[in-house]
Amino acid sequence: MKKSVFVLSIILMLSMVLCSCEPNNQPGPGGTPAPKATELAVHVGPEPDIIDPALNSAVDGATILVHTFEGLMTLDEDGVPIYGQAETHTVSEDELTYTFTLREELKWSDGKPITANDFVYSWNRAISEETAADYAYMFESIEGYSEGRLNVTAPDERTLVVKLISVTPYFLELCAFPTFFPVREDIVESAPDTWTLSPETYIGNGAYMLQEWVHDSYMILKKNPNYWNATEITGPETIKFMLMSDDNAILAAFRNGEILFADSLPTDEIDAWKDKPEFNIQGQLGTYYISFNTEKPPLNNPMIRKALVLAIDRDYIVTNIGKAGQQPAGAFIPTGLSDADPTEEFREVGGDYYDPSQEGYQANLEQAKKLLLDAGYPNGEGIPTIEYLYNEGSGHQLIAEAVQSMWKDIGINVTLASQEWNTFLNTRKNGEYYMARNGWIGDYNDPISFLDMWVTDGGNNDAQWSNKEYDALINQIKSSSDRTERMNLMHKAEDLLFEEWVLCPIYYYVDLYLKSEKLDGFYSSPLGYKYFMYTSINE
């Protein structure tokens, strides 16, 4: 899913260690609430593509979802899974059976009762071919996935029993992920294509509920009086999510006080803001990269793809465009994830697949030119002009212009095209592009979150890539209960990605945003979700 790393990755590693602890039953950040306004206006993204928990695959959409829905588990401010709709859980001795007990008298936002069967329905809906969820594969660790019916049962209204095929150390984190949120069967089945578009039918179980949605303008969420922990939700009565994509307009709105949080900043303003108290940078488990459509000539040739990867000066991009402590990426899986030995990072053990530093750039460039020569395209001759697609935003545009110039240095001509966010997401997903801007934020703290997306016909496999050996490796990883074996296999899987040069990493993300000093109680998870339900406004 969106968005220094050296020191910040240490913070993320600490978060990972915490994630292995027994989850507690705390409701979340709270304490004595400070004075607050009745409405908080913020920006977290443009018009969301979709706000169906099973179908969303964007971080901005996930932020809406963590306010309007809740899973068995939820995440605290450190990214640690804590109890949400579940009150307790037990794990069998072999760690393959999870039994959750739901809280008493859980209700949907319209007051109707929530039962364990709602989870059974929702999880099976998420893997249904009719639903066609990008994240269906996240349920692969549960028995019955390959047969199309999960081994998830509800012996009574408050008990949910889940059978796994192998030990899954991140399973509680999955239970906090939006695709695992429950939805109301009668609501969804009565209007499967439109239930998310109206406050009357957008029935959730989260701390807030949809009050109004003026498309391409704003969404207003109001407190849900039927939420199980409503008395502890110290945030504003309503949250107004301003749906904006123009960086300069977003900054103007923040300067004018029209919004108190901005999840975007024009690149040319970073230097002016980076020493101000409103400027915030957090570490994030993610990689900014370029997708190649591996089915379209000439990008169906791994040598061409490798040449394109090597021709990019990543140090220039992070220094002159990123300007926020991004780390040049020499691989896909980012820093911040531990290896088999938790004192070592996966990235340190795996190393780089090319030298992403400024010192290594000239040698990379020469190798890129030689690859084109060996492939029969000396100085790029014979390669047709290729289109690079990106979504609107000043930073994306500047990066597009930079890589266009760098690729021209090896004789490859590239044209640039931009699209608004929703159109762009679907163009890329449908494979209707040659090269496209992309980014991936880990969905939980395990390297497999960056690897299982590349399986054949995977919902997030925008590269349209297929490799039977790779598919078999991912299946083996997900069937293994041995941590050392899993990590070794995941290194082999990433090796395969770079034997075929499936993608072009640019840098490891940081999460950059502007937050008013008036805001207290806000937090952002390492996965990029923004939480405003405990936020107060001090005038």
Side-chain angles (χ1 to χ4, degrees), residues 1-3 15 19 28 42-82 84-85 122-123 126 131 133-139 170 172-183 196 202 204-210 213 219 221 235 239 241-245 261 263-264 282 284-288 391 421-422 424-426 429 438-446 449-450 453 459-460 509 511-513 522-535:
M1 275 181 173
K2 161 189 157 191
K3 317 270 179 223
S15 171
C19 284
V42 300
H43 162 266
V44 298
E47 174 85 2
D49 181 39
I50 194 163
I51 52 173
D52 181 332
L55 296 176
N56 172 73
S57 59
V59 173
D60 54 324
T63 291
I64 302 295
L65 289 170
V66 298
H67 287 80
T68 53
F69 288 84
E70 185 175 74
L72 295 168
M73 311 298 292
T74 188
L75 299 178
D76 70 6
E77 62 265 46
D78 296 312
V80 178
I82 59 175
Q85 297 284 286
S122 303
W123 291 12
T131 304
D134 289 349
Y135 276 120
Y137 61 84
M138 293 186 76
F139 293 86
Y170 50 87
L172 291 181
E173 291 180 75
L174 289 178
C175 291
F177 189 72
T179 312
F180 285 71
F181 291 172
V183 294
T196 63
Y202 196 59
N205 66 328
Y208 284 78
M209 53 197 287
L210 183 61
W213 187 355
M219 297 175 72
L221 306 185
I239 306 171
F241 289 93
M242 303 301 296
L243 308 176
M244 309 168 72
S245 60
F261 182 92
D263 205 17
S264 181
Q282 289 186 221
Q284 206 167 38
L285 295 171
T287 303
Y288 187 111
N391 57 295
W421 180 236
N422 289 346
F424 173 77
L425 284 177
N426 288 290
K429 176 182 176 180
N438 216 325
W440 191 256
I441 304 298
D443 299 314
Y444 43 89
N445 289 311
D446 191 278
S449 178
F450 290 83
M453 61 188 286
N460 291 303
Y509 270 122
D511 193 6
L512 183 158
Y513 56 83
F522 162 84
Y523 66 96
S524 174
S525 84
L527 308 181
Y529 308 162
K530 308 300 188 293
Y531 293 82
F532 299 99
M533 63 275 286
Y534 302 104
T535 301

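The structure displayed is predicted, hence computed values, not measured ones. FYI, the numbering just counts along the sequence from 1.
Residues meeting the side-chain hydrogen bond (donor to acceptor under 3.5 Å, both in side chains) test with Tyr513, sequence neighbours left out: Gln282. Scanning for salt bridge (charged side-chain N to carboxylate O under 4.0 Å, His left out) contacts around Asp49 gives an empty result, with sequence neighbours left out. The side-chain contact (heavy atoms from CB on, under 4.5 Å) test applied to Ala54 returns Asp52, Arg125, Ala126, Thr131, not counting sequence neighbours. Annotation: ring pair (Phe, Tyr, Trp, His ring centres under 6.0 Å) contacts of Tyr531 (sequence neighbours excluded): Tyr523. Asn438 pairs by the side-chain contact (heavy atoms from CB on, under 4.5 Å) definition with Tyr289, Ser291, Arg428, Asp462, not counting sequence neighbours. Remark: Tyr137 engages Asn460 in a side-chain hydrogen bond (donor to acceptor under 3.5 Å, both in side chains) (not counting sequence neighbours). Scored by the side-chain hydrogen bond (donor to acceptor under 3.5 Å, both in side chains) test, Ser524 finds Asp511 as partners (sequence neighbours excluded).
Residues Phe241 and Pro48 are not in side-chain contact: their nearest non-hydrogen atoms beyond the backbone lie 4.5 Å or more apart. A heavy-atom distance below 4.5 Å is found between the side chains of Trp440 and Ser449.
When all heavy atoms of Pro46 and Trp421 are compared, the pair lying nearest together is CG-CD1, 3.4 Å. When all heavy atoms of Ile51 and Leu65 are compared, the pair lying nearest together is O-CD2, 3.3 Å. Between Phe450 and Leu285, the shortest heavy-atom contact is CZ-O, 3.3 Å. Considering every non-hydrogen atom in both Ser122 and Pro182, the closest pair reads OG-CA, 3.3 Å. In terms of heavy atoms, Asp443 sits closest to Leu527 at O-CD1, 3.3 Å. Leu55 and Ala133 make their closest contact through CD2-CA, 3.8 Å (heavy atoms, listed as atom of the first residue, atom of the second, distance).
A donor-acceptor contact shorter than 3.5 Å links the side chain of His43 to the backbone of Met244. Gln284 contributes no side-chain N or O that, together with a main-chain N or O of Ile441, makes up a donor-acceptor pair within less than 3.5 Å.
Note: Asn391 CG to Ser245 OG = 9.0 Å, rounded to the nearest 0.5 Å. The line from OG1 of Thr179 to CG of Asn56 is 7.5 Å long, rounded to the nearest 0.5 Å. Summarising the geometry, atom CE belonging to Met533 is positioned 8.0 Å from atom CD belonging to Glu70; distances are rounded to the nearest 0.5 Å. Separating the CH2 atom in Trp123 from the CG atom in Leu72 is a distance of 5.0 Å, to the nearest 0.5 Å. The line from NE2 of His67 to CG of Leu210 is 13.0 Å long, rounded to the nearest 0.5 Å. In this structure, CG on Asn445 lies 5.0 Å from CD on Glu173, to the nearest 0.5 angstrom.
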- Item | side-chain contact (heavy atoms from CB on, under 4.5 Å) evaluation trace for Val80 with Leu75 | CA-CA 5 Å; Val80 178; Leu75 299 178; over 6 Å; no
- Using the side-chain contact (heavy atoms from CB on, under 4.5 Å) rule, take Leu243 and Trp213 through it: C-alpha gap first, then chi angles, then the decisive distance, then the call. CA-CA 10 Å; Leu243 308 176; Trp213 187 355; 3.7 Å; yes
- Quick one: do Met138 and Tyr444 satisfy side-chain contact (heavy atoms from CB on, under 4.5 Å)? Show the steps, please. CA-CA 11 Å; Met138 293 186 76; Tyr444 43 89; 3.3 Å; yes
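Between Phe69 and Phe180, the distance from one ring center to the other does not fall under 6.0 angstrom. Checked against the 6.0 Å centroid criterion, the rings of Phe532 and Tyr208 do not qualify as a close aromatic pair.
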